Structures are given as C-alpha cells and as structure tokens.
**Student:** 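Following this message is one structure expressed as structure tokens.
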Number of protein chains: 2
Amino acid sequence: MTGAPRRRIPEATVARLPVYQRILEELLRSGTTTVSSEVLATLARVSAAKVRKDLSLLGSFGTRGAGYDAAYLIDQIGRQLGLDRIWPVAIAGVGNLGRALARSEGFAARNFCVAALFDNDPRIVGEIVHGVVVRPTSELPAVATATPLAMGVITTPAPVAQRVADAMVEAGIRSILNFAPRVIEVPADVLLRYVDLSIELQVMSFYQARSSESTAMEGMPVIRSIGLSPPAS
Amino acid sequence: MTGAPRRRIPEATVARLPVYQRILEELLRSGTTTVSSEVLATLARVSAAKVRKDLSLLGSFGTRGAGYDAAYLIDQIGRQLGLDRIWPVAIAGVGNLGRALARSEGFAARNFCVAALFDNDPRIVGEIVHGVVVRPTSELPAVATATPLAMGVITTPAPVAQRVADAMVEAGIRSILNFAPRVIEVPADVLLRYVDLSIELQVMSFYQARSSESTAMEGMPVIRSIGLSPPAS
DNA sequence: GTGTGTGAACTTGTTCACAGCG
DNA sequence: CGCTGTGAACAAGTTCACACAC
C-alpha cells in the first residue's frame with residue numbers, strides 16, 4: 001500500500017523510535033501538528049542531526065522549511081516497528097508486578113493485548129484481573145494452541161522463572177521478557193530480554209552521574225561495604 | 001586501599017557490568033568460584049572477547065589459564081559501579097507499581113535503600129509499605145533536607161508526573177527514574193531516565209525478531225490498523 | 001529564510017588473533 | 001597447554017556542514 005522503503009534500520013535508531021513516537025503523541029495531544037527536528041531532539045534529549053538521520057531512514061517524511069507532520073510520523077514509526085497489528089501477550093506470575101503490568105494502559109496503547117494470565121497459587125487462579133481470568137500455568141500449552149502468543153512476560157518469583165521460561169518455549173513462544181531477578185537459559189533462536197526494575201537502569205544512571213564530575217552526592221553519608229581481598233595467587 | 005586503575009570506562013561496558021555481576025552472583029550461589037570469559041559470555045549472551053576486554057578495563061583480575069575469581073570480580077564490579085555504599089531512594093506514587101518496587105528485594109540487594117514513600121491519596125498516606133510510612137508529597141522538601149536522597153523514582157499517574165519531578169528537582173534530587181508514561185522536562189544537569197514497562201523493550205524485541213527473518217509470527221492473525229494518508233503537500 | 005536530507009569526517013565500540021603468563 | 005590481556009583491523013554509530021526543497 002504505502003510504498004515503504006524497506007532499508008535496513010540500524011539498531012541504535014530502532015531503540016530511539018519508540019521515544020520519538022511517545023513524544024510525538026504527547027505533542028499531538030497538546031495541539032501541535034507539526035514539529036521540527038530541533039524540538040523533537042530537545043524533548044528526546046538527543047541531537048537534531050540524529051533525529052533527522054533517524055527519520056530519513058524511514059523515508060522522506062519531512063517538509064523542508066517546515067518540519068514533520070506529527071500524526072503521519074507516528075503512523076510511519078508504528079509501521080516500521082510492527083505496531084500496526086495486534087500482538088497477544090501472556091503474563092506468568094500474577095503478583096504485585098504482574099498485576100501492575102496487566103492493568104497498565106501502556107499495552108493496549110501500543111497494540112499489545114494481554115491475552116492470558118498464569119499463576120500457580122490456588123488463591124490467585126480463577127481471579128479476574130483487568131478482564132482476564134488467571135489460569136494455572138499447566139494450561140499454558142492449551143492456551144497457546146488456541147491463541148498463538150507473540151510474547152511471554154515472566155513476573156514470577158526467581159525460583160520458578162526457569163521452569164516458566166521452559167514452558168513458554170515449549171508452547172512456541174519466541175520472545176520472552178524476563179522481570180524475574182534470575183538468569184534464565186533459552187534456545188539461541190528465542191529472543192530473551194531482561195528487565196531489572198531495581199538495578200541495571202539505576203546503576204547506569206549513577207555511574208554516569210558520578211563520572212561526569214557531578215558534585216550532587218558530595219554531602220551524602222558514605223557507607224562503604226567491606227571489600228574482599230584479591231584471590232590468593 | 002585497593003589500587004584501582006581509574007581509567008575511563010566506556011559507556012557500553014558500563015551497561016554490561018551489572019549483567020555480569022548478576023550472573024556471577026548466581027554462579028557463586030550455585031557453588032562455582034572460578035569462571036572463564038567463555039562461560040560468562042555464554043550466560044550473558046555476548047562474545048568472550050567482549051567479556052575479556054570489558055573486565056580488563058577494570059584491572060587485571062583474571063588468572064591466565066584458570067579464569068576469574070567470581071567473588072572478587074563481583075566486588076570489583078560493584079566498586080566500579082559505586083555500589084559499595086548505600087544509596088537512599090524515594091518513590092513517589094504508591095500504586096500497584098510503586099508498591100511492587102518498594103517491596104522488591106532487588107533494591108536492598110544492590111545497596112539501594114527505599115528511604116521514603118510519597119503519595120497524595122489520603123487513603124494511602126499513613127500506610128506502611130515494606131516498613132516505610134507513606135507521606136504526602138508536600139513533605140518531600142522536609143524529608144530531603146533530613147535525609148539526602150540520591151534518586152527519585154516516579155511511579156505516579158501520568159498527569160502528575162511533571163509536578164512530582166519538579167518537586168524532586170527542587171528538593172535537590174539529581175537522578176530521576178521515570179516510570180510514568182509521560183515525557184517530563186528537567187534541567188540539563190539532572191539525570192533523567194525513562195522506564196517504559198510496556199513498550200520500549202518489547203518494541204525493540206519485536207523489531208529484532210522480525211528483522212532477523214523469524215518465521216515465528218507466520219501463523220498469527222494479522223490485524224492492521226488503518227493508516228493515515230501522507231500530509232498534504 | 002528555514003529546516004530537511006545526506007555524503008564525508010570522525011568517534012566509539014567490536015572482533016580478531018596472538019603474545020605471554022600461570 | 002588453557003585462558004587472559006591487548007594492540008591492530010574492522011564495523012557501527014554520531015557529528016558536521018552544506019546543498020537543496022519549500
């Protein structure tokens with residue numbers, strides 16, 4: 001239909017596209033219909049040149065002298081990212097985090113649909129969260145057969161994360177998002193991503209803050225842990 | 001004390017260090033004390049050369065012919081990342097997600113300490129979550145004065161996210177982690193990081209899955225949204 | 001004039017391959 | 001002999017600067 005340029009988009013660009021998209025959506029909501037690379041760059045905290053290069057890879061959607069049409073750009077980015085169709089996801093582990101994810105608006109806003117919830121706690125099985133009934137994990141294969149699942153989200157306690165991952169792989173799920181604080185192993189052809197809510201992101205932030213000579217932490221109580229000795233040689 | 005080589009560590013390496021660290025901790029728990037770059041690389045899903053180069057930047061901690069001492073390496077990585085001291089964090093917004101974060105083990109495991117919780121809902125204020133009392137957001141300045149806060153975590157609904165961010169900046173917080181699905185603006189010297197639970201990560205995963213010629217989604221019901229027309233020229 | 005689109009220069013990050021230490 | 005540590009070759013990503021379309 002729309003003559004899309006099927007070039008290969010660099011990974012670094014792909015990682016920024018959702019950021020642009022969300023900013024564009026907000027601008028649109030606040031009444032802005034046209035946006036320049038300069039403005040988009042400021043809001044996304046990147047350089048204007050980067051924005052222009054990124055967007056030019058999807059095609060020439062901008063208007064010289066004016067900027068980009070926000071609505072059209074949102075649509076083009078969405079198409080590029082595969083968000084122009086609905087992706088059914090399953091969430092395993094209906095605790096605090098699983099519940100928060102299932103109820104969050106974000107999924108639906110990006111055409112992800114929470115199609116199934118799994119948990120092994122008999123007090124939770126049968127409960128209806130955000131319109132979806134919680135089933136025992138043993139029913140995963142049956143559900144996956146009836147409704148092909150595009151992605152599995154693991155929000156279980158760490159000890160059962162690997163078992164759940166195995167079940168998901170067995171059921172044909174090829175993309176897994178792991179929120180459990182546990183390293184899991186899956187076949188090489190399965191896409192596995194970790195989200196560590198408490199650690200990785202913060203750690204990076206802190207390191208960057210400290211390495212850019214920030215003096216913000218100057219007045220803080222420094223409590224050092226006891227270091228280990230180097231291994232005996 | 002430990003003669004640390006204070007070289008500049010590349011950002012890409014810093015991003016991988018927490019991954020190595022967690023894997024090392026798990027290996028240690030399962031009884032492994034020494035690990036080769038090969039093994040660590042496989043578990044972290046990167047190349048062995050990368051692991052060696054990354055670790056060599058922190059100093060020469062490995063033993064040729066044998067590998068690395070897991071416990072010692074964990075400690076060295078922790079020191080490099082600034083995790084050898086305790087960082088107090090404040091969480092604003094004690095809903096599903098805020099609660100899940102406050103209760104999660106991960107913070108304490110990495111020397112982050114949930115020092116304060118804020119919410120404006122009178123039904124939530126006063127509640128004690130994971131041993132910390134929930135205060136009204138108006139008390140943020142007072143709390144920040146008494147206990148310097150290293151990081152602010154925003155888990156509020158989108159509409160109040162900007163207001164909370166402003167209050168945090170005002171209170172002297174220089175690192176903010178935003179879980180609210182809303183673009184917020186802070187001064188350039190404040191470190192701002194977005195975590196979009198439902199979107200960015202999944203989107204990337206999907207794009208990568210599709211672009212590597214995966215046939216996994218072949219049998220899925222494709223439901224395309226209605227595309228927009230190009231902007232009138 | 002204004003702001004996009006893009007080759008060319010540059011910087012950062014990754015892989016290779018192997019010397020050398022334990 | 002195995003595995004680290006590292007310079008040197010290569011690839012990816014970013015910035016620059018400017019031609020050109022509106």
Side-chain angles (χ1 to χ4, degrees), chain A residues 4-5 7-17 19-20 24 27 32-70 72-73 76-77 80 204 207-208 211-212 230-233, chain B residues 4-5 7-17 19-20 24 27 32-70 72-73 76-77 80 204 207-208 211-212 230-233:
Chain A
R7 274 167 278 187
R8 176 143 213 99
I9 309 295
E11 262 196 60
T13 295
V14 173
R16 282 187 296 267
L17 291 180
V19 179
Y20 299 152
L24 288 165
L27 286 172
T32 314
T33 57
T34 300
V35 63
S36 71
S37 60
E38 194 70 43
V39 169
L40 191 47
T42 305
L43 290 169
R45 305 196 135 205
V46 297
S47 72
K50 219 183 253 184
V51 170
R52 287 203 299 279
K53 185 138 260 182
D54 285 344
L55 297 182
S56 77
L57 292 168
L58 312 190
S60 292
F61 302 141
T63 309
R64 293 173 193 224
Y68 301 88
D69 181 85
Y72 185 63
L73 203 46
Q76 290 305 313
I77 292 174
Q80 182 64 50
M204 275 204 60
Y207 181 79
Q208 287 166 9
S211 62
S212 57
S233 53
Chain B
R7 274 167 279 187
R8 178 144 213 96
I9 309 295
E11 263 197 60
T13 295
V14 172
R16 282 186 295 265
L17 290 180
V19 179
Y20 298 153
L24 288 165
L27 287 172
T32 315
T33 58
T34 300
V35 62
S36 71
S37 60
E38 194 69 42
V39 169
L40 191 46
T42 306
L43 290 169
R45 305 196 136 204
V46 297
S47 73
K50 219 181 252 181
V51 169
R52 288 203 299 279
K53 185 138 259 182
D54 285 344
L55 296 182
S56 76
L57 292 169
L58 313 190
S60 292
F61 302 139
T63 309
R64 291 172 195 231
Y68 301 88
D69 181 85
Y72 185 63
L73 204 46
Q76 290 305 313
I77 293 174
Q80 182 66 49
M204 274 202 61
Y207 182 77
Q208 288 167 10
S211 62
S212 56
S233 51

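In what follows, every chain begins at residue 1, and chains take the letters A, B, ... in the order their sequences are listed. Everything quoted here is computed from the prediction, not taken from an experiment.
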**Student:** Between dT6(C), dT4(D), dT15(C), which one does the side chain of Lys53(A) approach most closely?
**Tutor:**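 Out of dT6(C), dT4(D), dT15(C), the nucleotide with an atom closest to Lys53(A)'s side chain is dT6(C).
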**Student:** From the options dG13(C), dG13(D), dG5(C), select the nucleotide whose nearest atom is closest to the side chain of Ser56(A).
**Tutor:**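 Output: dG5(C).
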**Student:** Regarding Ala48(A), tell me which of base, sugar-phosphate or nothing describes its non-hydrogen contacts under 4.0 Å with the strands shown.
**Tutor:**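 Ala48(A): no heavy atom of the nucleic acid under 4.0 Å.
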**Student:** If I take atom CG from residue Asp54(A) and atom OH from residue Tyr20(A), how far apart are they, to the nearest 0.5 angstrom?
**Tutor:**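 Rounded to the nearest 0.5 Å, the CG-OH separation comes to 3.5 Å.
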**Student:** Please determine, for the side chain of Ala12(B), which listed nucleotide (dT4(D), dG13(D), dT14(C)) has the closest atom?
**Tutor:**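 Of all the options, the side chain of Ala12(B) is nearest to dT14(C).
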**Student:** Look at the side-chain N and O atoms of Ser37(B) and state whether any lies under 4.0 Å from the OP1 or OP2 oxygen of dC3(D).
**Tutor:**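 The answer is no; no side-chain N or O of Ser37(B) sits under 4.0 Å from OP1 or OP2.
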**Student:** Just how far is it from atom CD1 of Ile77(B) to atom CG of Leu17(B), taken to the nearest 0.5 Å?
**Tutor:**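 Here the interatomic distance stands at 5.5 Å.
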**Student:** Just to confirm, is there a sub-4.0 Å distance from OP1 or OP2 of dT15(D) to any side-chain nitrogen or oxygen of Ser47(A)?
**Tutor:**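 Checking dT15(D) against Ser47(A), a side-chain N or O does come within under 4.0 Å of OP1 or OP2.
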**Student:** Go through dC16(D), dT4(C), dG5(D) for me and flag the one nearest to the Ala49(A) side chain.
**Tutor:**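 Selected nucleotide (nearest to the side chain): dC16(D).
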**Student:** What's the separation between atom CD in Gln76(A) and atom CG in Leu73(A), rounded to the nearest 0.5 Å?
**Tutor:**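 Rounded to the nearest 0.5 Å, the CD-CG separation comes to 8.0 Å.
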**Student:** As a quick check of understanding, evaluate side-chain contact (heavy atoms from CB on, under 4.5 Å) for Leu24(A) and Tyr68(A), giving each step before the final call.
**Tutor:** CA-CA 10 Å; Leu24(A) 288 165; Tyr68(A) 301 88; over 6 Å; no
**Student:** Would you say a side-chain N or O of Tyr68(B) is under 4.0 Å from OP1 or OP2 of dG22(C)?
**Tutor:**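 Tyr68(B) to dG22(C) OP1/OP2: no side-chain N or O under 4.0 Å.
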**Student:** Of the nucleotides dT6(C), dA19(C), dG3(C), which one has an atom closest to the side chain of Arg64(A)?
**Tutor:**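 Given the options dT6(C), dA19(C), dG3(C), the side chain of Arg64(A) is closest to dG3(C).
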**Student:** Does Gly65(A) or Leu55(A) map to a spot on DNA chain C nearer the 5' end, using the closest nucleotide for each?
**Tutor:**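 Taking each residue's closest nucleotide, the earlier one in sequence belongs to Gly65(A).
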**Student:** Out of dT14(D), dG13(C), dT4(D), which has the shortest distance to the side chain of Lys50(A)?
**Tutor:**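 Side chain of Lys50(A) sits closest to dT14(D).
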**Student:** Is the shortest side-chain N/O distance from Arg16(A) to OP1 or OP2 of dT14(D) below 4.0 Å?
**Tutor:**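 Answer yes for this pair, as a side-chain N or O of Arg16(A) is under 4.0 Å from OP1 or OP2.
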